[in-house]
Amino acid sequence: MTAQIDVVNCVIINMMDNVSIITMFTLSGLSGTANYRVTLFALTLLCYCVIWLANGIIIVTIIVDKSLHEPMYIFLCNLCINGLYGTAGFYPKFLKDLLSTIHAISYGGCLLQGFVLHSSACADFSLLVLMAYDRYVAICRPLVYHSVMTKQKIAVFVFFAWLVPLYLVFMATITTSRLRLCGSHIAKIYCVNYLIGKLACSVSISNIVIPAFNYTFYFGHFLFIIWSYVYLIRTCLASRENRTKFMQTCLPHLFCLLTLVVCLLFHLLYMRFGSKKLPQSAQNLMAIEFLLVPPIINPLIYGLKMTQIRNRIIQIVCGKRL
């Protein structure tokens with residue numbers, strides 16, 4: 001009996017010895033890019049510049065032109081700001097890694113990157129919900145629109161659209177930071193909480209409940225948007241004027257929503273069920289879809305489709321009044 005206890009104690013001691021304090025993570029997602037690293041750096045830098053230019057133009061146009069200080073455009077401005085916020089959590093580090101032979105990130109930097117990427121994706125849904133609600137009130141309840149969408153209420157809506165995602169993701173990040181890790185190797189090009197959790201020696205209930213709540217909460221956002229658009233489409237079919245409003249303001253919003261959902265769904269499914277047999281370049285492309293497509297597509301779609309923004313941009317660029 002004493003011998004058995006000694007064996008168990010030795011196993012426990014060995015298990016404890018194998019667990020060390022993790023201060024750095026290694027990223028292996030760029031291991032096969034040595035031959036075309038410069039080309040990839042140039043393309044990535046170009047994409048990042050396009051993201052800043054496209055979103056920056058929309059943001060500045062809406063801020064400068066007082067005629068665009070309306071709920072829909074204020075929400076759009078925040079959506080573009082969020083695009084810059086989310087991509088700032090990935091592109092600078094990624095560009096640095098492309099020029100380096102050592103691909104590593106500190107423990108704190110990993111948590112911060114995961115927080116920024118997660119909170120940005122969640123804030124996208126929050127802002128898209130506000131935009132859907134704005135269109136619902138404008139088209140389905142036009143008589144009460146100005147009493148519902150006041151400046152004070154808009155400020156409150158925007159405040160909570162940022163606060164709630166930041167708080168929920170912060171709580172998830174705190175629970176992730178308390179995990180005891182048994183490894184430091186991440187086979188990706190960036191950090192998110194899910195990847196850190198896969199390195200944990202054991203998972204607590206909070207690490208299961210909080211992410212599950214967050215996923216359910218934002219899935220509810222998606223269902224609300226779908227419900228609002230079903231109601232909008234039914235309303236617009238009865239009026240030619242409403243159909244015009246829908247095509248001008250709702251269609252770009254719906255397209256941006258579908259783009260975001262497809263990119264995130266594709267990304268989440270790959271994170272959980274993706275095959276390692278795929279080429280590393282294909283894995284990397286799937287990993288960065290939600291950081292590449294929506295930040296570019298959103299400002300381009302709105303800038304080209306919404307007449308007031310498009311005319312104002314042309315006016316600023318050409319230096320003449322339309």
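Excluded from the calculations below are hydrogen atoms, water molecules and symmetry mates; all remaining heavy atoms, backbone and side chain alike, are included.
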Hey, what's the ring geometry for [X] with [Y], parallel, tilted or perpendicular (30° and 60° as the breaks)?
X	Y	answer
Phe290	Tyr190	perpendicular
Tyr218	His221	tilted
Phe170	Phe115	perpendicular

Task: Full working for side chain to side chain contact (heavy atoms under 4.5 Å, CB included) between Cys256 and Tyr302 - done: CA-CA 9 Å; Cys256 292; Tyr302 278 105; 3.5 Å; yes
So, does [X] use its side chain to make a donor-acceptor pair with the main chain of [Y] at under 3.5 Å?
X	Y	value
Ser100	Asp97	no
Tyr91	Leu291	yes
Tyr73	Ser67	no
Thr175	Ala172	yes
Thr87	Leu84	yes

Would you say the side chain of [Y] lies within less than 4.5 Å of the side chain of [X], judging by non-hydrogen atoms?
X	Y	value
Ile81	Trp162	yes
Val137	Pro71	no
Tyr145	Asp134	yes

Task: Heavy-atom pair of closest approach, residues Pro295 and Asn55 - done: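 Pro295 and Asn55 have their closest heavy atoms at O-ND2, 2.8 Å.
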TODO: Identify the two heavy atoms, one from Leu30 and one from Phe94, that lie closest to each other, and give their separation to 0.1 Å.
DONE: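 Looking at all heavy atoms of both residues, the closest pair is CD2-CE1, 3.5 Å.
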Task: Residues which pass side-chain contact (heavy atoms from CB on, under 4.5 Å) with Leu43, listed by chain and number, not counting sequence neighbours - done: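 Once residues adjacent in sequence are excluded, the partners of Leu43 under the side-chain contact (heavy atoms from CB on, under 4.5 Å) criterion are Thr39.
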Task: Distance (rounded to the nearest 0.5 Å) between Ile196 CD1 and Leu181 CG - done: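 It comes to 7.5 Å.
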Might you confirm whether atom [atom1] of [X] has over 12 heavy atoms from other residues, nucleotides or ligands at distances under 6.0 Å?
X	atom1	value
Tyr167	OH	no
His69	NE2	yes
Phe217	CZ	yes

Open item on the list: Can you confirm whether the side chains of Tyr48 and Trp52 place a donor and an acceptor under 3.5 Å from each other?
Closed with: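 Note: Tyr48 and Trp52 side chains meet the donor-acceptor criterion.
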